[in-house]
Amino acid sequence: MIEDISQAVSESVRKGEHIRERVRDVMLEALKSRHFDREAMRDVVRAITEGVTRGAEGSRVGVRQALADGFRGMDQALTTSVQAGHEALRQLLVTGRGVSDHELKQALAGLRKIEEDFVGTVREVSDSANERVRPQLTELLSQAAHAGTETGRQSAKLMAEFSLTGIELAGEFGARFAHLASGVLAGMADALDKRDGGKKDG
């Protein structure tokens with residue numbers, strides 16, 4: 001399954017058409033079919049990045065542009081994941097279903113680490129990439145370290161919002177949060193797919 005994801009991305013990047021949107025859509029599809037946790041996200045990021053780097057070598061738009069568009073597509077997909085996690089937390093808090101301050105902080109820390117895992121995983125793939133791709137990917141990572149990613153900006157915004165929230169008692173929070181966040185992410189991914197459906201070629 002992971003290899004299928006990587007292959008699908010590689011082919012799209014090689015064609016050089018709508019790279020950002022295609023990478024984002026493939027990644028969201030992969031994420032929404034998995035448990036909402038760090039390990040699953042890292043696996044998907046690794047597979048997508050490997051697909052992007054393979055496809056970039058022979059891409060019609062050139063290596064630099066293909067990698068940049070692929071990176072932005074991944075960033076957009078993970079930003080949507082952070083938003084899904086935020087919405088899941090908000091729903092749990094609004095329904096008053098027993099969320100402790102400690103659990104909330106853990107969930108927020110997990111969302112905050114999505115950017116860290118994203119950049120770290122891309123860097124791991126970059127280290128093993130060939131000489132044609134590695135310098136370009138390293139430059140992209142340097143830019144991300146300097147300017148930040150949209151995923152990181154979204155996470156910081158949510159951290160600030162939830163730091164003002166007061167919470168009570170705990171329960172089986174981790175499983176409830178992951179289940180709810182997965183459902184929210186699936187809905188967001190489907191909405192993006194419908195919105196962009198008319199814009200993409202078959």
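Residue numbers run from 1 in the order of the sequence given. Just so you know, these numbers come straight off a predicted model, no measurement behind them.
- A distance-only check finds a donor-acceptor pair linking the side chain of Ser155 to the backbone of Thr151 [under 3.5 Å].
- Applying the side-chain contact (heavy atoms from CB on, under 4.5 Å) criterion to Ala8, with sequence neighbours excluded, gives no partner residue.
- For the residue pair Gln91 and Glu87, a side-chain donor N or O sits within less than 3.5 Å of a side-chain acceptor on the partner.
- Rounding to the nearest 0.5 angstrom, the gap separating the CG atom in Leu140 from the CZ atom in Arg72 is 8.5 Å.
- Of all heavy-atom pairs between Arg134 and Ser126, the closest is CG-O, 3.2 Å.
- Screening residues 119-146 for ring pair (Phe, Tyr, Trp, His ring centres under 6.0 Å), with sequence neighbours left out, gives no hits.
- The two atoms that bring Gly70 and Ile19 nearest to each other are N-CG2, 3.8 Å, heavy atoms only.
- In this structure, Leu141 is not a member of the same hydrophobic cluster as Val125, with clusters built from ILVMFWY side-chain heavy atoms closer than 4.5 Å.
- The main-chain N or O of Ile2 is never found under 3.5 Å from a side-chain atom of Ser6 such that the two would form a donor-acceptor pair.
- Atom CE of Met41 sits about 5.5 Å away from atom CG of Leu31, to the nearest 0.5 Å.
- Legend: residues meeting side-chain contact (heavy atoms from CB on, under 4.5 Å) with Gln106, ordered by chain and number and at least two apart, are His102.
- Exactly one residue among Asp117, Asp37, Thr121 makes a side chain to side chain donor-acceptor pair (under 3.5 Å) with Arg42. That residue is Asp117.
- In this model, no donor atom of one side chain and acceptor atom of the other lie less than 3.5 Å apart for Gln154 and Glu150.
- Across every non-hydrogen atom of Glu57 and Val63, the tightest pair is CA-CG2, 4.2 Å.
- Using modelled atom types, one finds a donor on one side chain and an acceptor on the other under 3.5 Å when comparing Glu115 with Thr149.
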